[in-house]
Novice: 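Once you've had a glance at the structure underneath, I'll fire off some questions.
Throughout, a chain's letter reflects where its sequence line sits, starting with A, and its residues are numbered from 1.
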Protein chains: 2
Amino acid sequence: MPPDNKNSMTQDRLLKSAEMLFAQKGYDAVSVREITNAAKCNLAAVNYHFGNKKTLYLSVFRERWMPRAQRIRACFEENLAGCGDTSPASVIQSLAEALIKGPLTDKERLCHFQLMIREITNPTEAFEIVTEETMKPSFEGLGQLLQPYLHESIDEERALLNILSIFSMVLYFNFARLPVSKIIGHAYDQPFKDRLVQHIVDFSLSGLPVRENAK
Amino acid sequence: MPPDNKNSMTQDRLLKSAEMLFAQKGYDAVSVREITNAAKCNLAAVNYHFGNKKTLYLSVFRERWMPRAQRIRACFEENLAGCGDTSPASVIQSLAEALIKGPLTDKERLCHFQLMIREITNPTEAFEIVTEETMKPSFEGLGQLLQPYLHESIDEERALLNILSIFSMVLYFNFARLPVSKIIGHAYDQPFKDRLVQHIVDFSLSGLPVRENAK
DNA sequence: TTGACATTCAAACGTTCGTTTGATACAGAC
DNA sequence: GTCTGTATCAAACGAACGTTTGAATGTCAA
């Protein structure tokens with residue numbers, strides 16, 4: 001039997017380096033040599049531990065992306081439990097905080113959403129993990145939470161579109177930091193992220209802050 | 001002097017094929033051979049007409065993406081002129097229709113937003129074209145249109161966040177068709193796009209359709 | 001100490017990449 | 001006809017790619 005320490009150390013370093021590079025540059029723009037250099041191991045290690053580059057990419061989603069998605073979900077549920085109720089305001093506040101401030105470091109969060117976006121624009125086998133095992137269950141859960149509070153006339157599609165819209169904002173403000181920073185004129189610091197959460201909650205609950213007599 | 005017809009015909013075919021392939025697969029996943037095969041011309045044509053692959057990619061943005069962004073903008077302005085006023089409802093309706101139904105074919109629109117997303121996640125020199133020459137001016141124009149109607153307490157950053165939020169929805173519902181289709185359970189047909197525009201307008205103006213006594 | 005096994009490594013594999021080359025075809029100017 | 005410049009082409013270039021190989025290294029059971 002191999003020393004499980006050394007074995008998994010190289011595997012873990014590979015997964016870590018691969019995840020960061022895939023997130024930053026995308027699958028095709030990253031070479032196996034680049035990954036193994038970053039992980040400080042031999043070129044052949046990828047094929048020895050994961051078979052090939054594609055399986056390494058899939059392993060990144062299985063071993064690193066999925067657990068993180070679950071951590072975010074757990075954080076949302078903790079936030080909501082702390083609210084004491086399941087009103088739309090509480091739900092959205094808990095969701096926005098879990099996704100934008102949440103349990104992840106800033107680097108992790110950026111990495112997480114970049115991988116997600118790349119999988120949406122270039123779907124591979126990992127797309128199923130992202131949609132079927134993560135997004136879909138989450139959205140169904142949110143739908144059940146919000147449904148009792150929505151207008152009776154709202155059908156299921158409209159309810160889902162509302163949740164997708166909230167999600168689109170969170171996703172966008174996470175992965176499109178560059179253009180957002182360019183447009184608002186400053187970086188993503190902590191106070192701004194606080195204001196961002198507040199904005200998403202406000203906008204989701206009331207839409208544009210229009211004066212009453214101007215609607 | 002060469003026959004300007006034949007000259008520009010090959011160039012145009014290259015730009016057309018390159019745009020579609022770059023949008024579908026991303027810069028690194030598309031080879032020059034793939035592009036020249038699609039354009040039915042010789043491999044060396046890319047280097048003869050554009051110098052190299054990277055310049056071809058930039059030319060796609062300059063020669064095809066920018067004009068299309070301008071067509072969308074013109075459509076928005078026509079829509080708004082047809083409304084007779086510049087109320088937030090009219091502005092948002094005109095914007096959502098220009099972006100989601102608009103002057104483009106479905107294929108063009110998908111291509112347009114895919115290129116945009118790719119440039120946001122993998123910024124190159126074309127990123128400046130997308131942000132500085134297109135997004136920023138548009139958002140400033142929208143800000144000036146909406147400002148008079150917003151609450152006096154709303155500062156510039158909050159006003160921009162509102163516009164960015166509307167934009168995030170439009171962008172998301174355009175480029176993330178796959179997961180959206182998976183979640184709502186059907187394809188992007190014309191009636192759905194109508195409902196989508198309506199939803200974006202409603203959501204932007206009022207947020208979640210919550211019952212009054214439940215807010 | 002020996003043998004079996006897991007892991008690492010340098011080197012090479014064949015393929016595909018972006019780019020270059022030199023020949024060829026063909027237009028209009030003189 | 002000859003010359004000039006543009007456009008296309010097949011063929012080849014060196015570099016980088018993902019993957020494979022076989023030897024070397026280290027660890028533990030027997």
Novice: Would you list the protein and nucleotides 19-23 of chain C atom pairs, both N or O, that sit under 3.5 Å from each other?
Specialist:
residue	atom	partner	partner atom	Å
C/dT19	OP2	B/Lys53	N	2.9

Novice: Should B/Thr10 be listed as having a side-chain N or O under 4.0 Å from OP1 or OP2 of D/dA7?
Specialist: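 The answer is no; no side-chain N or O of B/Thr10 sits under 4.0 Å from OP1 or OP2.
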Novice: Measure the distance from CE on B/Met9 to P on D/dT6 and round it to the nearest whole Å.
Specialist: 20 Å
Novice: Does the B/Tyr57 side chain pair with the main chain of B/Phe22, one donor and one acceptor, at a distance under 3.5 Å?
Specialist: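 Flag not set: sc B/Tyr57 to bb B/Phe22 has no pair under 3.5 Å.
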Novice: Can you tell whether the side chains of A/Lys193 and A/Asp106 come within less than 4.0 Å, N to carboxylate O?
Specialist: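 So A/Lys193 pairs with A/Asp106 through a salt bridge.
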Novice: Distance only, no hydrogens: is a donor on one side chain within 3.5 Å (strictly under) of an acceptor on the other, for B/Gln93 and B/Glu97?
Specialist: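 Checked: B/Gln93/B/Glu97 side chains pair up, N/O donor to acceptor below 3.5 Å.
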Novice: OH of A/Tyr48 versus C1' of D/dA24: gap in Å, rounded?
Specialist: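 Going from OH in A/Tyr48 over to C1' in D/dA24 covers 14 Å.
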Novice: In whole angstroms, how far is the C1' atom of C/dC17 from the CG atom of B/Asn37?
Specialist: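 From B/Asn37 CG to C/dC17 C1': 14 Å.
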Novice: Between B/Lys182 and A/Glu128 (salt bridge meaning N to carboxylate O under 4.0 Å), is one present in this structure?
Specialist: yes
Novice: Could you tell me how the ring of B/Tyr188 sits relative to the ring of B/Phe192: parallel (under 30°), tilted (30 to 60°) or perpendicular (over 60°)?
Specialist: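 Plane angle over 60°, so perpendicular.
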Novice: Using a strict cut-off of less than 4.0 Å between a Lys/Arg side-chain nitrogen and an Asp/Glu carboxylate oxygen, indicate whether B/Lys136 and B/Glu140 qualify as a salt bridge.
Specialist: no
Novice: Salt bridge or not between B/Asp155 and B/Arg158? Use side-chain N to carboxylate O under 4.0 Å.
Specialist: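 Answer for the salt bridge query: no.
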Novice: May I have the distance from A/Arg13 (atom CZ) to C/dT7 (atom C1'), rounded to whole angstrom?
Specialist: 12 Å
Novice: Take atom CG of A/Leu14 and atom P of D/dT19, then tell me their distance rounded to the nearest Å.
Specialist: 13 Å
Novice: Measure up the B/Phe175 and B/Tyr172 rings against each other and bin them: parallel (under 30°), tilted (30 to 60°), perpendicular (over 60°).
Specialist: perpendicular
Novice: Between A/His49 and C/dA6, is there a side-chain N or O to OP1/OP2 distance below 4.0 Å?
Specialist: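 No, no such contact exists.
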Novice: Do A/His199 and B/Ser165 have side-chain N/O donor and acceptor atoms under 3.5 Å apart?
Specialist: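 A donor-acceptor contact under 3.5 Å links the two side chains.
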Novice: Using only side-chain N and O atoms of A/Ser31, determine if any of them is under 4.0 Å from OP1 or OP2 of D/dA16.
Specialist: no
Novice: Specify the residues of residues 21-30 of chain A, ordered by number, for which at least one heavy atom lies under 4.0 angstrom from an atom of DNA chain C.
Specialist: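 Contacts with DNA chain C under 4.0 Å: none.
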